[in-house]
Every structure is written in C-alpha cells, then in structure tokens.
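We count ligands from 1, going down the list as the structure has it; atoms in each ligand are counted the same way. Below, each value reflects all heavy atoms present in this structure, side chains not excepted, and no hydrogens, waters or symmetry copies. Please read all numbers here as calculations on a predicted model, not as lab measurements.
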Amino acid sequence: MKNIVITALSIAAISLTSCSTTQKTASVQSPQTLKEGFKNHFYVGAAINLDAIHNNDKKAVAIIENQFNSIVAENCMKSMFLQPKEGEFFFDDADQFVAFGQKNKMFIIGHCLVWHSQAPDWFFTDKEGKNVSAEVLKQRMKKHITTVVSRYKGKIHGWDVVNEAIMEDGSYRKSKFYEILGEEFIPLAFQYAHEADPNAELYYNDYNEWHKGKVETVVKLIADLKSRGIRIDGMGLQTHVGLDYPTIEEYEKAIIAYTNAGVKVSSTELDISALPSPHKISSNIADTQAYEKELNPYTSGLSETATTKWEKRYMDFFSLFLKHKDKVKRVTQWGVTDIDSWKNDFPIKGRTDYPLLFDRKYQTKPIVKKLIQLAEEKKN
Ligand code: 9MR
C-alpha cells in the first residue's frame, strides 16, 4: 500500500514538474504583448489622449502600459495648447504626459513643434492682425521651441520638429510659416530644437508620405539639412492608410528613398481604416440612405470579409516594417482603441471605423497575436 502511495505521489510530482517546465518554456518562447514581441525589432508606441494622461481612462492606461514602450501626445503638446497666448505657457498636461512615460520607462516623443494647424493665431500676426515680419516670426519660433524643448531636455527622446510642410506634388505648403519665412523656416526649426537639447532626436513628419513629389522634396530637404550640418535623425511616416491605398510596393519605395537620404524612418501615426474611401463611391446614388449605408457600412460590427482584408493589410505593413527593421526605429499607433480614433470623424464625420489594434470594448483584437507571431518568426 505504502509503495502504491509513493508511486502515485512520484507520478504526480513528475507531471507537476513537467507541467511547470512546459509553462516556463511556453512563456519564454511566446511573448504575449506587442512590446515583448517586437523588442528585438523596433519600438511600438501609441498616441495618448488627455483621459489616458490623467488616468481617467484606466482601461486605456492598462493597455498602454502592458503593450507599448513608446508614447506620443495626441494633442496636448501642440502650440495652441502649450502657448495659447504669447508668453503664457501651459505645461500641466504635457508634464503629466512626460511623467507617465518616465514612470513606465518609455521612449517619449514630443509632437509637434512647428505645424500650420493647431497653432494659435497670435503666432503669425501683430496687434492689427497683419502678418508679422520674418524677424518677429523667427523670434517667436525660437522662443517657443527653446522653452518647450529645454523644459523636457533629457526626458523627451525625439521631437516631431516640423509637421506636414510639404504637399503631395512636392511643393511647399503655403502656410503662414512659409508665407513669412519661405523654405528657411524648416532648417531654423531644426536648428533651434537642436540647440535646446543637443541629444534629442529630431524628425520631419508627414502624411501621404509615399506620394512621389513629396518623397522627392523631403529627400532634398533632408540632404540640404545634412549638408548644412543641421541635425535630422528621422522621417516620420504617418501611415494613415486604407484597405487599398497605398500599395506596399510604393510604400517600400518611399522607405528606401528616405533612408537612402541618411535617416531612419518611423511609422509615427499608424492606423488602417476599414471603411470605403468616399472617393471610391459614386456620389450619384440617388437614394441618400443607400449612399450613407455604403459610406458607413459597419455601424454594428465589421463584417468577416472586411476583417480579413483589414487583417491582411496589417500583416502586410508589419511584414514590410520587419523586412526593413534595420531602417525602422519605431511603429506608433495613432490612438489606443477604435472608440477614440480620429478616423471615426475623418474624412467624413460620424462614421464607425475600426483602424486600431484594440476594439471599442478595450479588447485586444485577434490580429495582435498574429503580429506578435510574425515578429517572432522574423526574430533572427
Ligand atoms: O488626432 C488628432 C485629433 O484629435 C485632432 O483633432 C487633430 C487636429 O488637427 O489632430 C489629430 O492628430 C493629427 C496629428 O497631430 C498630425 N497628423 C494627422 C493627425 C490626424 O489628424
């Protein structure tokens, strides 16, 4: 009897040991989160909003802390929020954002120093409402950039210095910065940022970044900055893409062109819309309801066919980033869950889109596991 008991106990012990060994091996072998999965490849990040920054959206915070090792502020570091009135800076939200990133040891990105949009009107005008002189605008840029970048010196690791200054055809956007300072506003912005924190990485950031004309001008711009000894580390590819634009081939060409100019690339605002582009739908559908349904087809959930297409696009983009992982520094999602994505309101207001990796109920979408697996396959 004693022997039987001992044998039974030893079998139990052996199976317990082997079970815990299997579990150990499994957890070593298969990472469960994006940041573990991609840790040998590039940073994975998310843009975070005020609810996350102030810990009001605890479920989003949990996702950010578990899944990502890089953050960027979705809005609170834009100039209209940081310096709403001349000389009056507001840093409460940005300070919290940086503290959150530091607490979690994240690669923190500042977005963005110079952008025509979400800039306060006073920045470009005098008391009479007329454009300020080039000299005044330079001083204002210098003061803004120096104040903001020095405050976070050594804490913010990379800055989107200039955002969206070049058009798809390669011409310069006719913004107030351009109108008053000409092309020179870009080198100046990079120079001021570098002077304020010589160790921070500096990026140019743009959308539709695969358009031929834009690629050509940005490549020239990078070469020009470099030839003048002005620091630029990276090209920020916003990657606001859809199910059928751009092609992976044209996107790859752009990555190669930018990196040949001597910088790294990052996908800085990745989201993949699952909805039809309005340009693709014939606006002469007579029935308004039918037209609206066609524009906004998945109000109560993405269809299986659309999900399959959408997942394939995510796999294709991540395969491309992994293929060029020597060139890619970071891949950042523009938001955390679908519910907060700007894509629900762009290019048409009030649609139900599904562009991100976490759903409206804060659940991890099945694609995440597939992406992690893909990263694992490309580990060596
Ligand atoms: O996601 C941001 C949204 O909440 C703001 O209303 C919008 C204002 O223009 O900016 C959005 O973020 C943009 C980013 O700063 C720059 N690239 C395009 C992003 C989406 O519009």
(request) Give the cluster check for Leu243 versus Tyr298: same hydrophobic cluster or not, with ILVMFWY residues linked at side-chain heavy-atom distances below 4.5 Å. (result) no

(message) In this structure, does ligand 1 have an atom that sits under 4.0 Å from one of the heavy atoms of Trp334?
(response) yes

(message) With clusters defined by side-chain heavy atoms of hydrophobic residues (ILVMFWY) lying less than 4.5 Å apart, directly or transitively, does Trp115 cluster with Ile145?
(response) no

(request) Around atom 5 (C) of ligand 1, find the nearest protein heavy atom and jot down its residue, atom name and distance. (result) Asn75 OD1, 3.4 Å

(message) Using heavy-atom distances only, which candidate in Tyr207, Trp342, Trp115 approaches atom 9 (O) of ligand 1 most closely?
(response) Trp115

(request) Around atom 19 (C) of ligand 1, find the nearest protein heavy atom and jot down its residue, atom name and distance. (result) Glu269 OE1, 3.3 Å

(request) List every atom of ligand 1 that sits less than 4.0 Å from any heavy atom of Gln238, numbering the atoms from 1 in the order shown and giving each element. (result) 17 (N), 18 (C)

(request) Under 4.0 Å from a heavy atom of Glu164: give me the atoms of ligand 1 that qualify, with their elements. (result) 16 (C), 17 (N), 18 (C)

(request) For atom 11 (C) of ligand 1, grab the closest protein heavy atom and report residue, atom and distance to one decimal in Å. (result) Lys78 NZ, 3.7 Å

(request) Treat each ILVMFWY residue as a node, draw an edge where side-chain heavy atoms are under 4.5 Å apart, and state whether Met80 and Phe97 are in one component. (result) no

(message) Whether the side chain of Asn344 engages the backbone of Asp353 through a donor-acceptor N/O pair (distance < 3.5 Å, no angle test) should be reported.
(response) yes

(message) So if I apply the salt bridge (Lys or Arg N to Asp or Glu O under 4.0 Å) rule between Glu65 and each of Lys35, Lys103, Lys59, which one comes out positive?
(response) Lys103

(request) Could you label the plane-to-plane angle of the Phe321 and Phe317 rings as parallel, tilted or perpendicular, counting under 30° as parallel and over 60° as perpendicular? (result) tilted

(request) Could you tell me whether Phe346 approaches ligand 1 through its side chain, its backbone, both or neither, with non-hydrogen atoms closer than 4.0 Å? (result) neither

(message) Restricting to non-hydrogen atoms, name the atom on Thr125 and the atom on Asp121 that form the minimum distance, rounded to 0.1 Å.
(response) OG1-O, 3.1 Å

(message) Need the ligand 1 atom indices (1-based, order shown) with element for anything under 4.0 Å from a heavy-atom of Asn163.
(response) 16 (C)

(request) Starting at NZ of Lys142, measure out to CD of Gln191 and round the result to the nearest 0.5 Å. (result) 7.5 Å

(request) Give the residue and atom name of whichever protein heavy atom lies nearest to atom 2 (C) of ligand 1, and the separation in Å to one decimal. (result) Glu74 OE2, 3.4 Å

(request) Around atom 8 (C) of ligand 1, find the nearest protein heavy atom and jot down its residue, atom name and distance. (result) Gln118 OE1, 3.2 Å

